[in-house]
Amino acid sequence: MPTPEYPETEYEPEDFSQLAINRGQRRINGKLNNADKALASAIQALRDVVEKTGVAPGKFNEVDKALADAKAISDVVPGVIPPGCGTPPY
């Protein structure tokens, strides 16, 4: 479903050229990268709320490491060339 941030883009469905495939993969990579970052931010916010409750003081090292690892992996996706990573609007 198109949104203002991610409008539908026109493409030629019969174009199977490497250029068209790379262009499409850049769009996919960009959207997935943004989704990764949004999920990491949501998990970080949830982690922060749970920490403030005092339920498990000092027990967030594993969560922090997992979030850092996920962010590090997501950060390298745009640098894989080809195809790279597209930015909005896709």
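For the single chain, residues carry numbers from 1 onward in sequence order.
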With sequence neighbours left out, write down each residue that passes side-chain contact (heavy atoms from CB on, under 4.5 Å) with [X], or none if nothing qualifies.
X	result
N22	Q18, R26, P82, P83
I73	none
V77	N29, N33

- Message: For the OG atom of S41 and the CG atom of L67, what is their distance to the nearest 0.5 Å?
- Response: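 The CG atom of L67 is 9.0 Å from OG of S41, to the nearest 0.5 Å.
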
- Query: Which value, rounded to the nearest 0.5 Å, describes the distance between L32 atom CG and L39 atom CG?
  - Reply: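 It is 10.5 Å, given to the nearest 0.5 Å.
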
- Who pairs with D75 by side-chain hydrogen bond (donor to acceptor under 3.5 Å, both in side chains), at least two apart in sequence or on another chain?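 If we apply the side-chain hydrogen bond (donor to acceptor under 3.5 Å, both in side chains) test to D75, skipping adjacent residues, there are no hits.
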
- Task: Sequence neighbours left out, what passes side-chain hydrogen bond (donor to acceptor under 3.5 Å, both in side chains) with K71? Give chain and number order.
- Result: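 Checked K71 against side-chain hydrogen bond (donor to acceptor under 3.5 Å, both in side chains); zero matches.
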
- Message: Show me the pairs that pass side-chain hydrogen bond (donor to acceptor under 3.5 Å, both in side chains) and involve residues 57-68, at least two apart or across chains.
- Response: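 The answer is R47-D64, K65-D69.
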
- Task: Measure across I21 and F16 and return the closest heavy-atom pair with its distance rounded to 0.1 Å.
- Result: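 Nearest pair, atom of I21 first, then F16: CD1-O, 3.5 Å.
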
